[in-house]
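What follows is a set of notes on a single structure, which appears directly below.
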Amino acid sequence: MDAPATLSAASLRAAPRLPRDFFNRDARTVARELLGKLLVRREGRNLLAGRVVECEAYLGAEDPAAHAFAGRTERNAVLFGPPGHAYVYFIYGNHYCTNVSCMPPGNAGCVLLRALEPVLGVRTMAEARHVPIVAAPTLAQRRLISSGPGRLSQALGITRPRDNGKDLTGIGSDLWFADDSYSVAQVRTTPRIGVAKAADRPLRFIITGNPFVSGTRVL
DNA sequence: TTATAGATTGCCT
DNA sequence: GGCAATCTATAAT
């Protein structure tokens, strides 16, 4: 039912990176297929990784909730560039949110990453989040690491100065998506979280039943 | 130049 | 469940 709790660094290195064509499609398609993939960060010789369990699609000119809705600005310029690049923005004075651009240049779709299940480098991610390091963390404690868009960005050290505009499909990139052939049993869609406009559109995608999805009640 | 809302989080009651 | 924190982009003077 749940994804594997851990993953070896060797198998992660063997997992193919998602190519640019993967992102050169409608944001809804990319969001759905991104579920179950791994977001990987290389910190020197150390690898950090989390499995995507929740994300949201943002469209272009036809989506009032999207940053690209009002057109190209210095802030959102990445969205209008080629697919497979990181769009990182700062929000509420405290948090970075991580997106990946979709669609060909000129089309501004993107996918916001909202929750990861930590699978490799968990201790390092917990330290980055200032989450207590304990021998046998509870589910509630593990959820604090990367369940939420601001949380997962902090866990992987993703910031706008460091990562905005980065090519996530580049060979030399220190941030990328990997496919370890994990199979997602069922995908559920819901309205997007925290948006006032176009609040009725089912553009949030989650792995049904995964406990690391944000807002999940922990018993 | 000033005001306000925001793709959030964490602490308080 | 309520709400303050804290900064940026954008709208309103």
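Listed candidates were C:dC7, B:dA7, C:dT10. Nearest to the side chain of A:T73 is C:dT10. Taking only side-chain atoms of A:N99, from C-beta outward, the nucleotide of B:dA7, B:dT9, C:dT8 with the closest atom is B:dA7. Picking from B:dT9, C:dT8, B:dT8 the nucleotide with the shortest atom distance to the side chain of A:F90 gives C:dT8.
One hydrophobic cluster, built from ILVMFWY side chains closer than 4.5 Å, cannot hold both A:L168 and A:Y89; they sit in different ones.
For A:F22 and A:F177, the ring centers are positioned 6.0 Å apart or more.
Put simply, A:R151 has a side-chain N or O that comes within less than 4.0 Å of OP1 or OP2 on B:dG10. Within the 4.0 Å cut-off from OP1 or OP2 of B:dT8, at least one side-chain nitrogen or oxygen of A:R114 is found. A:R143 has no side-chain polar atom (N or O) that falls below the 4.0 Å cut-off from OP1 or OP2 of B:dT9.
In summary, A:E43 and A:R162 engage in a salt bridge, as defined by a charged side-chain N under 4.0 Å from a carboxylate O.
Distance A:Y96 OH to C:dC7 P: 11 Å, rounded to the nearest Å. Atom CD in A:Q141 sits roughly 14 Å away from atom P in B:dG10 (whole-Å rounding). Going from atom OH of A:Y87 over to atom C1' of C:dT8 covers 11 Å, rounded to whole Å. Atoms OH (A:Y92) and P (C:dT8) sit 16 Å apart, rounded to a whole Å. Taking atom CZ of residue A:R160 and atom C1' of nucleotide B:dT8, one finds them 17 Å apart after rounding to whole Å. Across the protein-nucleic acid pair, A:F69 atom CZ and B:dG6 atom P stand 14 Å apart, rounded to whole Å. Computed from coordinates, the A:R72 CZ to C:dT10 P distance equals 13 Å when rounded to whole Å. We find that CZ of A:R75 is positioned 12 Å from P of B:dG6, with the value rounded to whole Å.
Pair assignment for B:dA3 gives C:dT10, based on Watson-Crick or G-U wobble hydrogen-bonding distances that are each under 3.5 Å. For B:dT8, the paired base is C:dA5 (Watson-Crick or G-U wobble, both distances below 3.5 Å).
A 6.0 Å sphere centred on CZ of A:R188 holds no more than 12 heavy atoms belonging to other residues, nucleotides or ligands.
Taking 3.5 Å as the limit, the base of B:dA7 and the side chain of A:Y89 contain a donor-acceptor pair of atoms between them. Applying the 3.5 Å distance criterion, the base of C:dT6 shares a donor-acceptor pair with the side chain of A:N94.
For the pair A:S214 and A:A196, nearest-nucleotide mapping onto DNA chain B gives the more 5' position to A:A196.
In this pair, A:F90 and A:Y96 present their aromatic rings tilted. The plane angle is within the 30 to 60° band.
As rounded to the nearest Å, B:dT4 and C:dA4 have P atoms that lie 15 Å from one another.
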